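Read the structure below first, then the notes.
Letters A, B, ... are given to chains in the order of the sequence lines, protein chains preceding strands, and every chain is numbered from 1. Just so it is clear, the model here is predicted, and its values are computed rather than measured.
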Amino acid sequence: MYILLVEDNDIVGDGIKQGLETLGHSTDWVTDANTANQAIQHVDYDVVILDLTLPDYDGMTLLTNWRQNKILIPVLILTARDAIPDRVTGLSAGADDYLTKPFDFDELVARLQSITRRIAGRADNVITFAHISYNPTKGEVKANGLPVKLSKSELIVLEALMHQPGKVVNTEQLQDRLYGWSEGVASNAVAVHIHNLRKKLGTDLISTERRLGYFLAGDKK
Amino acid sequence: MKGSLRNKLLLSVLLVTSILCLIIGPFMYHTIKSDVKEILDDRLAASAKMLSNIVHQYDVKNEKPSSSLTNELLQHIEQKKDNTEIIVCNVTRIDGELIISTEDGNQDVLTSVKDGYSFIRDNGTIWRVFKLTEHGISVTTAEKLDKRRQLFNIVLIGVLIPWILAVLTLIISLYFIIQRVFKPMTQLQDHFDKHTGNSLTPIEIEDVPSEVKGVIAGFNALLARVKAVLESERRFTADAAHELRTPLAGITTQLQVAMLKQGETVDNNLKQANLAVKQLTELLDQLLMLARLDAEQMASITASSTANEITSKALLPLQHMIQENQIQIHKIIHSEQDLFLPQELVVVAIRNVIKNAIQFSSAEQSVSILVTEQPDYVTWQITDEAGGIDPDLLPNVTNRFVHDKKKGNFGLGLSISKAVIDILNGKLTISNTKAGLRVDISLPYSSHELNLDQTLN
């Protein structure tokens with residue numbers, strides 16, 4: 001998953017980012033609502049973890065603005081406000097899930113995967129395309145039923161392509177997932193990972209759309 | 001019914017009216033009876049007198065009254081009603097010669113009575129009799145007692161009925177008037193019946209009497225204050241919960257991530273978790289301090305110290321932060337007088353303000369602490385270069401868990417400082433300067449000094 005984490009507390013934010021990246025999920029961490037807004041405009045995240053108490057303005061206001069502007073990205077609210085009215089308000093404002101602090105990290109990851117699974121219209125956690133199956137929870141990839149070992153970066157690229165099978169994912173999006181929104185990256189990094197994926201999973205699996213990006217071979221949209 | 005003002009009033013009115021009726025009733029009865037008796041007796045006497053005079057006139061002339069005159073007189077005196085004589089009369093000479101008589105008047109029993117008023121019984125009938133003897137003539141008039149009683153009853157009923165109707169009308173009118181007057185009280189009772197003990201809905205009743213208006217207004221004001229206090233407590237609890245949960249979340253997250261990193265260095269995670277524990281500890285200390293300040297348990301401790309000692313103690317635990325943040329501290333103390341104040345409290349109040357200044361300052365910026373003496377107080381002036389506070393927030397910056405858009409959470413520090421200063425009858429002023437924020441803390445030299453508001457303006 002490519003996650004935008006909006007959390008102003010340094011210790012909590014650092015912990016969540018480290019934990020998610022350890023599990024193989026790319027995470028951009030911002031500490032205020034304005035930066036979160038900018039990030040959303042420029043990057044195609046899979047899900048947002050949103051703290052409600054932000055320094056510039058309330059996370060609930062941010063979420064409401066997104067929904068009013070038809071930004072339908074899945075949002076999990078992560079907050080210390082545990083009262084029922086707060087939960088109801090958050091969910092009514094358009095959040096997809098609500099988790100209170102302190103939280104269990106495994107539960108956080110499970111809820112994030114549940115949201116993205118639901119959005120993708122999948123009933124279970126395993127994503128399949130052609131002869132490839134990918135379990136995001138376990139980080140396992142199989143080709144023709146046999147496990148295939150991929151690096152963290154290769155996993156990130158494959159996941160991005162499998163989330164949108166047949167749809168072109170542009171190179172910039174893949175770079176953001178690999179290295180974060182604000183980081184600079186070598187221009188051929190993505191190409192290297194694509195090359196390695198083709199080598200491990202089959203040369204016909206991933207097709208190139210010149211000057212645009214890549215897509216999983218099949219029904220091109 | 002017990003304790004009901006309205007029912008008590010109604011009962012009282014009924015009781016008073018009943019007592020009055022019981023007193024006035026018999027009095028009226030006897031008075032009417034006496035008056036009717038007197039009137040009827042006078043009538044008997046008048047009739048006798050009239051007859052006596054008329055007959056005497058004829059005697060003087062040595063004439064006899066004509067039969068038509070006699071009949072007319074008798075008819076006038078008889079006052080027949082329903083073909084029954086009411087008064088009978090009998091005129092005789094002293095020697096017994098009958099001169100005039102009504103139909104029932106020619107009776108021996110009437111002639112045998114004494115002069116004046118008397119009662120006689122004749123064949124079971126009781127008569128009231130009056131006899132007048134003058135000018136050689138005896139005139140006897142009599143009336144059946146039954147008829148007198150009937151007349152008395154008619155008069156009594158004629159008087160009683162309107163009186164009873166008046167009393168009943170009075171009672172019924174009073175009942176409805178009392179009901180109407182007590183309507184606001186009934187509405188008040190309904191309001192309390194409908195709303196449970198937890199309800200803070202203000203009382204809204206129309207046409208409230210002036211005696212109750214003040215009570216209702218006072219009650220509604222009290223409800224509003226209770227509502228505000230409850231809301232403040234709810235907000236504080238929610239904010240405190242949030243502030244407590246956040247560092248806890250930091251600790252658990254960092255520890256869980258450390259466990260995820262199998263074999264890798266976890267020093268940084270443990271360091272972060274430790275930092276979160278410190279934040280949590282500090283927050284708990286502040287909450288406990290607030291609780292103690294609310295109970296004013298610590299305000300009684302007083303020790304002599306100077307402004308320099310207090311300032312040094314305030315700065316001591318902040319040295320690490322000062323070094324880490326690379327803040328320049330400028331301390332100028334123009335006070336040598338002994339201060340008789342609860343030292344621990346004053347140190348906390350000063351420290352919290354200095355800590356805020358350090359926290360929000362950037363590296364190489366300065367925090368200045370200037371202590372000066374005035375006639376009745378000593379003032380700590382703490383200024384920073386951290387850019388100041390949102391002006392809209394300034395009036396409320398000492399509230400608990402206040403949040404500034406640029407600076408973030410102020411937590412409880414300034415709230416605690418304000419609470420301490422208030423307890424010691426000091427004054428706290430906070431203002432923006434060109435470069436940052438200025439906080440003035442003015443405290444009396446002794447904790448038994450006058451309220452500074454009277455001297456500072």
(request) Might you point out which heavy atoms bring A:Pro102 and B:Thr252 nearest each other, and give the distance in Å? (result)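 Residues A:Pro102 and B:Thr252, closest heavy atoms: CB-OG1, 3.7 Å.
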(request) Give the member of A:Asp10, A:Leu108, A:Asp104 that has the highest number of heavy-atom pairs under 4.5 Å with chain B. (result) A:Asp104
(message) Tell me which pairs pass side-chain hydrogen bond (donor to acceptor under 3.5 Å, both in side chains) where either residue lies in residues 67-76 of chain A, with sequence neighbours left out.
(response) A:Arg67-A:Asp96
Crowded around [X] [atom1]? As in, over 12 foreign heavy atoms under 6.0 Å?
X	atom1	answer
B:His330	NE2	yes
A:Gln164	CD	yes
A:Lys200	NZ	yes
B:Lys271	NZ	no

(message) Between B:Gln254 and A:Asp14, is there a side-chain heavy-atom distance shorter than 4.5 Å?
(response) yes
(request) State the OG1-CZ distance between B:Thr253 and A:Phe103, to the nearest 0.5 angstrom. (result) 3.5 Å
(message) How long is the straight-line distance from NZ of A:Lys101 back to OG1 of B:Thr246, given to the nearest 0.5 Å?
(response)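 Going from OG1 on B:Thr246 over to NZ on A:Lys101, the span is 4.5 Å.
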(message) Looking only at side-chain N and O atoms, does A:Asp106 offer a donor or acceptor that is under 3.5 Å from a partner on B:Gln256?
(response)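 Short answer, no.
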(message) Quick check against the 3.5 Å criterion: does A:Gln18 have a side-chain atom that pairs as donor or acceptor with the backbone of B:Val257?
(response) no
